[in-house]
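Keep in mind that this is a model prediction, so the values were computed, not measured.
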Amino acid sequence: GLCKAGDIAEAQRVVQEMLLSGISPDSVTYATFMKGLCDTDNIEGARAVMEEMVAAGVSADIVVYNTLIEGLRRRGDSGRVLDFLEEMKHAGISPDVVTYNALVKG
């Protein structure tokens with residue numbers, strides 16, 4: 001796909017095209033786009049997408065939080081990893097094995 005190939009601009013265009021066509025992206029679409037942003041070290045962009053997703057009425061789920069946590073872990077930003085972990089718990093989402101693996105990898 002576009003994100004895996006690193007074509008984030010085109011992936012963003014496709015998401016916008018979906019919206020303009022009246023097709024609402026789901027959490028999988030958003031998480032995939034966020035992973036592409038994280039893979040290009042654009043954590044702030046991924047966080048902004050998460051905020052847009054929630055504003056559009058799509059709930060952040062474990063995959064969305066794990067995507068951000070893993071991106072921050074790869075960046076070496078352990079403080080923000082723990083912040084997102086707390087935010088996730090506060091949202092009522094329990095960490096899973098993927099979350100704990102990211103924490104252990106550090």
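Residues Ser27 and Ser59 approach most closely at CB-O, 4.2 Å, considering heavy atoms. Taking both residues in full, the closest heavy atoms of Ala46 and Leu68 are given as CB-CD2, 3.6 Å, listed atom of the first, atom of the second, then distance. The nearest pair of heavy atoms linking Ser94 to Ile62 is O-CD1, 3.4 Å. The nearest pair of heavy atoms linking Pro95 to Met88 is CA-CE, 3.5 Å. Shown here for Pro25 and Val15, the closest heavy-atom pair between the two residues is CG-CG1, 4.2 Å.
The salt bridge (charged side-chain N to carboxylate O under 4.0 Å, His left out) pairs that include a residue from residues 19-37 are Lys35-Asp39, where partners are two or more places apart or lie in different chains. Annotation: salt bridge (charged side-chain N to carboxylate O under 4.0 Å, His left out) contacts involving residues 88-97, sequence neighbours excluded, comprise Glu86-Lys89.
Atom NZ of residue Lys105 and atom CZ of residue Arg74 lie 9.0 Å apart, to the nearest 0.5 angstrom. How far CG of Asn42 is from CZ of Arg75: 8.0 Å, rounded to the nearest 0.5 Å. Rounded to the nearest 0.5 angstrom, Ser78 OG and Ile69 CD1 are separated by 12.5 Å.
With sequence neighbours excluded, no residue forms a side chain to side chain contact (heavy atoms under 4.5 Å, CB included) with Ser24. Taking the side chain to side chain contact (heavy atoms under 4.5 Å, CB included) definition, one finds that Glu87 meets it with Arg47, Met50, Tyr65, Phe84, sequence neighbours left out. With sequence neighbours left out, Ser21 forms a side chain to side chain contact (heavy atoms under 4.5 Å, CB included) with Glu17, Ile23. In this structure Asp83 satisfies the side chain to side chain donor-acceptor pair (under 3.5 Å) test with no other residue, sequence neighbours excluded.
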task: I would like to know whether Tyr100 and Val97 meet side chain to side chain contact (heavy atoms under 4.5 Å, CB included); could you show each step before the answer?
output: CA-CA 5 Å; Tyr100 285 114; Val97 68; 5.7 Å; no
- request: Would you please test Ile43 and Arg80 for side chain to side chain contact (heavy atoms under 4.5 Å, CB included) and show each step?
  value: CA-CA 11 Å; Ile43 303 298; Arg80 287 186 67 200; 4.2 Å; yes
query: Could you walk me through whether Asp61 and Val64 pass the side chain to side chain contact (heavy atoms under 4.5 Å, CB included) check?
result: CA-CA 5 Å; Asp61 60 15; Val64 168; 3.4 Å; yes
field: Step-by-step side chain to side chain contact (heavy atoms under 4.5 Å, CB included) determination, Val28 to Val63
entry: CA-CA 8 Å; Val28 173; Val63 175; over 6 Å; no
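In the hydrophobic cluster analysis, where Ile, Leu, Val, Met, Phe, Trp and Tyr join through side-chain heavy atoms closer than 4.5 angstrom, Val81 is grouped together with Ile93.
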